[in-house]
Asker: 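Got a structure for you, written out below as structure tokens; questions coming shortly.
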Amino acid sequence: MIKREIQILLRERLRELGFDRKPEALPVEEPSSDDYGDFASSIALELASEFEGSSRDLAERITEGLEEELFKKVTVAGPGFINFDLTLEFLVKSLARLLSSSDPLKEARDSNRGRVQIEFVSSNPTGPLTVGHCRQAVLGDILASLYRKIGYNVDTEYYFNDEGRQMDILARTLWARYKQALGEAVDIPEDVYKGEYLKDIGKDIASEYGERYTEWNDAAASFFKEKGMNQMIERIKDDLSLLGVEFDGWFRESKLHREGEVEEVLTNLEEKDGTYEKDGALWLKAEEEGAPRDVVLLKSNGDPTYLLPDVAYHLDKYDRGYDRAIVLLGADHQRHVENMKAALSKLGLPDDFYQVLINQFVSLSSEGEVKRMSTREGEFVTLKSLVEDLGKDVVRYFMAARKPESHLEFDYDLAKEESMDNPVYYLQYAHTRIASIFRKTEGVGIEEDFQFEDVDLTKLDKYEEVELIKKLDKFSEIVEISASNYGPHHLVSYGENLASLFHGFYNKYKVLTDDEELSRARLGLCKGVQMVLRELLNILGVSAPVSM
RNA sequence: GCGCCCGUAGCUCAGUGGAUGAGAGCGACGGAUUGCGGAUCCGUAGGUCGGGGGUUCGAAUCCUCCCGGGCGUACCA
């Protein structure tokens, strides 16, 4: 990374002046204006208070002896900004590294980063996944591949409650559907799971098992619970696979109860003096750990609340050896997160173990109308219908394009538009275009898979070419930022930016020219753009076609 | 009432823990191709970065208050 190299040089120079700073802590940025060089640093302004002279004087001192072969020019501007103009030879090395590595993220990878678990969607198997789950599925899946790319050992997991009241209702409803399929009229309990999907499952069971479960008893209850849940899980898996999302693990809440982990965590909390009884219920002293108020762990009827098994679940994650547990939750879980943090802190887990990405809701807009997505209304757009309608690439791209903590207005009409107006195709088209250029190389006497080692990349001296080289160099930093900030949208912005630079370059200059050396250099640049685009689309889970 | 998130161009939104003219896409208007894919490119118009105050050499970005919207504030999950 060019930025890193400048930081290291700056660090050396600052050492000589008596300042001790880590290179990564030194501000080096691409300035907003081209008048201020390729890169700029405001370090002198930051350190001026520790210096006897003015910030401008300090900047002058820093630049002394810094003008080595890397820099065409180093100047001090304004109140003390240091502007770096890089030589073409130096800039071009970054592209050469990319071309020889065949891996755009080689520099960003560090295999010693530890184990991370990412939990997302985690919707209970009582109904189909919706547009809201879709956003989370995409975000979680991208984060997982992002963390893998930079060297973490990542497992994804889906957690669900396979017991409890909701599952009982599911079982009861499914049984009723089964009976209906056998031709008997049975009342469906009001307000619950009337969906077509249960009718279908009921029919399947009827044809497979005939009249074996005509009476509602314990055997039927457990049969329909297990059957219903398994069928729902299968459907959820099918929906997710439409999106290209697969989980490494599926965790059942019942395991925590069965293996005594819930009991254990309760004892643990009691021993740490983290609980008390009030009104017949057992409360967690959450307020002591920074939560707004205390919260119930065991209801007065003895049942645990949602919180308690989730605490046990996270202790289980911790015991499995993860260094970090990242959890994606919807905006309505804010209070739960505070309670969880309080409980885990009571138990003595490291503060940074439990990390939550709260994402805001999705609304769908079409023909000027905005519809809120609500499962409670009973009217929701399913993940399945959305993906079947628009395709995986478009859905994933749109779901990733906004920062998670912002509301996402999903523009259905724009997403549906299979034309230049749809930003997904903008990126894919850049990739396709490059592939197309490489199919034409023989026409100018260049073999398609020629080696870039011998190419003179300093032929790339046009403004647009240099901008592209700098942009490519920035990719690993963007990936790093996207991962550490849990913000896949940075990738999208960067990708649109890169594609835009490329299209501009393409329109202004010919890649395949009469000058063979120039052609080879430009092909090198194209290859670099293609490599980064492909890697980026790959992380987003969007296909990178060679023709469209 | 209190807590979290959001408020940037007509619309949808970028702008990583501050840094030297406020950006993109869509929409509007006007242009570009007998040549590598026009799903492209170039240009014009359009903004007191919700509002006030504060910190700083410097604030869309940090602090505070206010306004507007979403979510939460359960012995639901």
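Every chain is numbered from 1, with letters handed out A, B, ... down the list of sequences.
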Asker: Could I get the full list of ring-ring contact (aromatic ring centres under 6.0 Å, His included) partners for A:Phe450, not counting sequence neighbours?
Answerer: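 Applying ring-ring contact (aromatic ring centres under 6.0 Å, His included) to A:Phe450 gives A:Phe452.
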
Asker: Think A:Tyr506 has a side-chain N or O under 4.0 angstrom from the OP1 or OP2 of B:C42?
Answerer: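 No, because none of the side-chain N or O atoms of A:Tyr506 sits under 4.0 Å from OP1 or OP2 of B:C42.
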
Asker: With a non-hydrogen cut-off below 4.0 angstrom, is A:Glu46 in contact with a base, only sugar-phosphate, or nothing?
Answerer: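 The answer is base, as A:Glu46 lies within the cut-off (heavy atoms under 4.0 Å) of a base atom.
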
Asker: Mind checking ring-ring contact (aromatic ring centres under 6.0 Å, His included) for A:His336 and listing every partner two or more places apart, or none if nothing turns up?
Answerer: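 If we apply the ring-ring contact (aromatic ring centres under 6.0 Å, His included) test to A:His336, skipping adjacent residues, the hits are A:Tyr306.
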
Asker: Students often get this wrong, so: under 4.0 angstrom with heavy atoms, is A:Phe505 touching a base, only sugar-phosphate, or nothing?
Answerer: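 Result for A:Phe505 = nothing.
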
Asker: For a quick check of understanding: with a heavy-atom distance under 4.0 Å over all strands, which category does A:Glu405 fall into, base, sugar-phosphate or nothing?
Answerer: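 Here A:Glu405 touches the backbone only, sparing every base.
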
Asker: Would a line drawn from the ring center of A:Tyr158 to the ring center of A:Phe251 be shorter than 6.0 Å?
Answerer: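 No: the rings miss the under 6.0 Å criterion.
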
Asker: Which of parallel (below 30°), tilted (30 to 60°) and perpendicular (above 60°) describes A:His314 and A:Tyr354?
Answerer: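 Ring orientation of A:His314 relative to A:Tyr354: perpendicular.
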
Asker: Hey, does A:Ser55 reach any base, or is it just sugar-phosphate, or nothing, if we go heavy atoms under 4.0 Å?
Answerer: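 The residue A:Ser55 makes no contact with any strand.
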
Asker: Using a 4.0 Å heavy-atom cut-off, does A:Ser482 contact any base of the nucleic acid, only the sugar-phosphate backbone, or nothing at all?
Answerer: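 Here A:Ser482 touches no strand at all.
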
Asker: How is A:Lys440 classified with respect to the nucleic acid when contacts are heavy atoms under 4.0 Å: base, sugar-phosphate, or nothing?
Answerer: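 Counting heavy atoms under 4.0 Å across all strands, the contact made by A:Lys440 is with sugar-phosphate only.
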
Asker: Under the criterion of centre distance below 5.5 Å and interplanar angle below 30°, is A:Tyr429 classified as stacked on the base of B:U40?
Answerer: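 No, aromatic ring not over the base.
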
Asker: What's touching nucleotides 7-14 of chain B from the protein side, N or O pairs under 3.5 Å?
Answerer:
from	atom 1	to	atom 2	distance (Å)
B:U12	O2'	A:Arg402	NH2	3.0
B:C13	OP1	A:His407	O	3.3
B:C13	OP1	A:Glu409	N	3.1
B:C13	O2'	A:Arg402	NH1	2.8
B:A14	OP1	A:Lys403	N	3.0
B:A14	O2'	A:Ser493	OG	2.8

Asker: What is the pairing partner of B:G23, taking Watson-Crick or G-U wobble pairs with both distances under 3.5 Å in any strand?
Answerer: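 B:C13 is the nucleotide pairing with B:G23.
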
Asker: Please identify each residue that fulfils ring-ring contact (aromatic ring centres under 6.0 Å, His included) with A:Tyr397, with sequence neighbours left out.
Answerer: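 ring-ring contact (aromatic ring centres under 6.0 Å, His included) list for A:Tyr397, sorted by chain: empty.
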
Asker: Is it true that A:Phe361 and A:His407 have ring centroids separated by less than 6.0 Å?
Answerer: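 They do not qualify: ring centres at least 6.0 Å apart.
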
Asker: Might you list the N or O atoms of the protein lying below 3.5 Å from N or O atoms in nucleotides 73-75 of chain B, with each pair's distance?
Answerer:
from	atom 1	to	atom 2	distance (Å)
B:U73	O2'	A:Arg293	NH2	3.4
B:A74	OP2	A:Arg293	NH1	3.3
B:C75	O2	A:Ser300	N	2.6
B:C75	O2	A:Ser300	OG	2.9
B:C75	N3	A:Ser300	OG	3.2
B:C75	N4	A:Asp279	O	2.7

Asker: What pairs of nitrogen or oxygen atoms, one from the protein and one from nucleotides 60-63 of chain B, lie under 3.5 Å apart?
Answerer:
none

Asker: Which part of the nucleic acid does A:Asn161 contact within heavy-atom distance under 4.0 Å: base, sugar-phosphate only, or nothing?
Answerer: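 It contacts sugar-phosphate atoms only.
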
Asker: Is there a Watson-Crick or G-U wobble partner for B:C29 with both distances under 3.5 Å, and if so, which one is it?
Answerer: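 Pairing partner: B:G43.
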
